[in-house]
Every structure is written in structure tokens, then in C-alpha cells.
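In listed order, ligands and their atoms are each counted from 1. Positions are given from 1 along the sequence.
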Amino acid sequence: MEQVEGENATDGRGPSIFDTADSLPGHGDTSQVADDFYHLYAVDIAAMQLLGVKHFRFSISWSRVIPDGDGAVNQKGLDFYARLLDTLHAAGVEPLVCLYHWDLPQALQSNFGGWASDQIVPAFVKYAKVVFQALGDKSEYWTTFNEPITFCFLHYGAGTYPLFIKDLRQAWNCSYNVLRAHAAVVKEFRALVPGGRICMCLNSEWAVPLTNSTADVDAAQRKMEAELGIFADPIYKGDYPASMKQRISSLPKITPQLAHDLNGSMDYFALNFYTSTYVAADEGATCTWGRCDFTLSQTDKAGDLIGAEADSGWLKSTPWAFRPNLNWVNNRYHPKEIVVSEIGWDVKGEGTMPLMQALNDTSRIDFFRNYIPEATDAVNIDKVPLTGLFVWSLLDNYEVGAGYQNRFGVAHVDYRTQQRTFKASAMYLAGIFNSSMANASLTYPSVA
Ligand code: GBH
């Protein structure tokens, strides 16, 4: 995956849209080296063992497997992921593999506009089949997409992330092509990976009505329906939420055939959850994905923030929202199983701190200490079928929107030497994982 691997042109890998976005107005960092996970994966897996980590989520770079997205297969690319999966298994770490975490092969963007074009669907199906044939027996858990609302509406719609395209029509085409591609890929998955489980990984920020007014309460519900329902409703219910159909004129049409193909295509529900937002009814207001009749803010009427600040401007600590968000998903979709595929925190200012200060990441520990019990309560008290939770992230890594400035790792990465050092939060998690860190080396790989 683009955020950790590096070696973007090694062993036949083709360029992705983020390699080329380096020349666009962004943060100026490139993913060319990142965490050099391409070479260091084995020591990182050893570190997982030390921490007591039993599950690891990663994504495959499409352009490593098919360099131009739609042509010849690059065996060396597949071999890397085979080595990675075999090493995880040997270490007793179970993988969860994502096919697409935003790093589109550049050729597909250049040739036909990427996800905005329906030509993307057969290309993605071809890529997925190659992966399932080569690696399908090496993982039980899979996801097709990570956060499609993010890559469709921020990369193509809002123009704020690379690709920096600002065209809502392209974003809607993207979202529709994602649904079609997901349905088609799951069909192949059933044939090629018997016994495997697959879903789409979705994200939401919990919606809090700004006031007790019925209008704001309704608006908060609409916000959840729009953010999760844009994909989960067609999959679980066969159509978009009524609240979206009433308001968003550019909404694509879910045909009976597509609804049929999507039905049953989520074996579990993967949710990325980080934070929350206030929602106020606002007739005629537009949200990222069109006319939604509400406005969002992380500040209440008195001017107070919804929670403590992280480094990322969008991230505030709202542990109390985790349990209601999980319940919202459970009550609306009744998934057989839910996996929280990301929770995580970047410490304010960590990117410019001296190492010793960065290692003492008490606000990240607070984040986990506050969030994790909410998930436990959702399981024990509310009977939410939550079976797993992934921390984002093991390592500091390359952020598509922010480069190397924002650090989400529980291990610090010195990007100059590639040395990793466990932060205090890694020790905290090791305690939860029942690891015995007695002989742990806190910095790795060791320098000669
Ligand atoms: C995750 O998304 C990503 O899956 C992961 O790749 C990333 O490393 C991690 O966040 C940390 O950033 O720019 O103000 O429009 C988390 C959910 C949804 C959060 C989109 C940022 C954009 C806010 N993301 N959101 S803004």
C-alpha cells in the first residue's frame, strides 16, 4: 500500500495517481520511500509478534500487480504480497486484505478518467481476479474498497485531495462504478475464494444534532444515512435512503439487476470510525455530495469544540460517539459481523517534536483508553456483533492529504534511517494484547 511500501518503481511497479500527484499543488512529500515496508515487512511483522498483535490489515497496490492497471500481470508484484502473507501466517498474524485503498494506477486515470468512467469496472474485476487466483487461499478476510466516499467525493468531487478534481458529476459516477465493481468482484470472489469473507470498508463520523429541535435531530439522521447509506443502503436494502432520493437530483439509479447483484455482498461490515460532528438543519445547504439540507461543524453554539484536538484538523476525540455509531450500523443493517477496520489518533504537533517527546504520546494512549471500552460495551451490553478492531496504525506513514507531517503510528518512524521506535502507546496496546515485552528491543531494526 502506498502509505507504507515505498519502492514505487521497483520490480516493475507502475505509477499510481499519488506518485504523479507529487507534481501537483499538495504537501510536497512523495511516497517514494515511505516506511520502506517493501523491504522491512519482516522486521515489522517481528515487531507485531513482540506487541502481541494477532491481526494485520493492509492493502494491495494495484499498479504493483498490473503496472498499467489493465494490461500484463507483474509476477514480481504478486510475489511480494505472497511473501508478506506467508510471513504473517508464519508469525501467527491473521491478515485482512484490501484490494483498493485509493492508489489508482495512473494509466487508468490518464486513459479514461479512472473511477469517473464505467471502463474502470472491467479493469477492477480483472485485477481482483488476478489477486484472488494468486493469493485467495492466503487470507480469509478481504475488502474491496477502503472508504469509497472519501476517494470519490474528495478526490473527484471536492478537489481537496489528489487528484484535485472538482466535479460532483464525476464523484457520483465514481460512487456508482464502485457499487457495480463491488458487486462484480464479489461474484468472482465466491467462485475463487470459497469460505472467504468480503465486504466494502465504509467510514462515518457520528452525527450529533446541534440543538434538540426536531429539524436538527432529523438532519443528524440524514447525515448518517447519506454517509453510510450511500453504499450500505443499496447493498443491504436495494436502494438509496429516501432522504437522499428526495434531495439529491444527481443520484444514480440502482437498477433491479444491480440491487440483486449487491444483495448479500457484505459478509461482514467493516467500519472506520474516528470522530464526530454537529449537524444543523439548513434548508438548501449543500454537503460534499450534493444538496443535503444540513451544515456540519465541530463547534457547538457556545463555541466549544466537540472534543480534544488531534493533529489532523478533522479529528477530535469523541469516545462517547463510538457506541452509538456501532449501534446505528447494527440497527439499520443487522450485519452478521462488524469489524472496526480503523480507529486512530495523530498527536497534535508530533510531526515537529523531538523524538523523546514524540515517544511519550499520552494523548494517543488516552484516545485508546477512552475509545476501546466503548466498543466493549457495545458488544457486552448492546450485543453488537463486533468481532475485531484495528488500530490505525502500527507505523507512522505517508498521508495522502498531509504527507509525513501527521503521524498516526504507535511506532515512530525516522524517515531518514527507517528506524522504528515503539511509542508509549505501543506499550499500552501490548498490555491489552497480553504481550510479554520483557526482552523487547524498543528500536528496530538495529543499526550496525
Ligand atoms: C483514514 O480515513 C484513511 O483510511 C487512512 O488512509 C488515513 O491514513 C487515516 O484516515 C488518517 O488520516 O480533509 O477535512 O475534508 C479516516 C476518515 C475521511 C478522515 C475523510 C478525513 C477528510 C476530511 N477520513 N476526511 S477533510
- Query: If you measure SG to SG, does Cys174 sit under 2.5 Å from Cys152?
  - Reply: yes

- Message: Strictly by salt bridge (Lys or Arg N to Asp or Glu O under 4.0 Å), give each pair with a member in residues 316-328 just once, sequence neighbours left out.
- Response: Arg323-Asp377, Arg323-Asp382

- So which of Leu394, Leu88, Val4, Leu96 actually passes side chain to side chain contact (heavy atoms under 4.5 Å, CB included) with Phe58? Leu88

- Query: Who are the residue neighbours of ligand 1 when the rule is a heavy atom under 4.0 Å from any of its atoms?
  - Reply: Gln3, His101, Trp102, Asn146, Glu147, Thr150, Leu154, Tyr161, Asn203, Asn272, Tyr274, Trp314, Glu342, Trp392, Glu399, Phe408

- Taking the six-membered ring of Phe80 as reference, does the NZ or CZ atom of Arg64 fall below 6.0 Å from its centre and within a 45° cone about the axis? yes

- Look at Glu350 together with Lys423 and state whether they make a salt bridge at an N to O cut-off of under 4.0 Å. yes

- Task: Indicate, with yes or no, if the rings of Tyr141 and Tyr268 have centres closer together than 6.0 Å.
- Result: yes

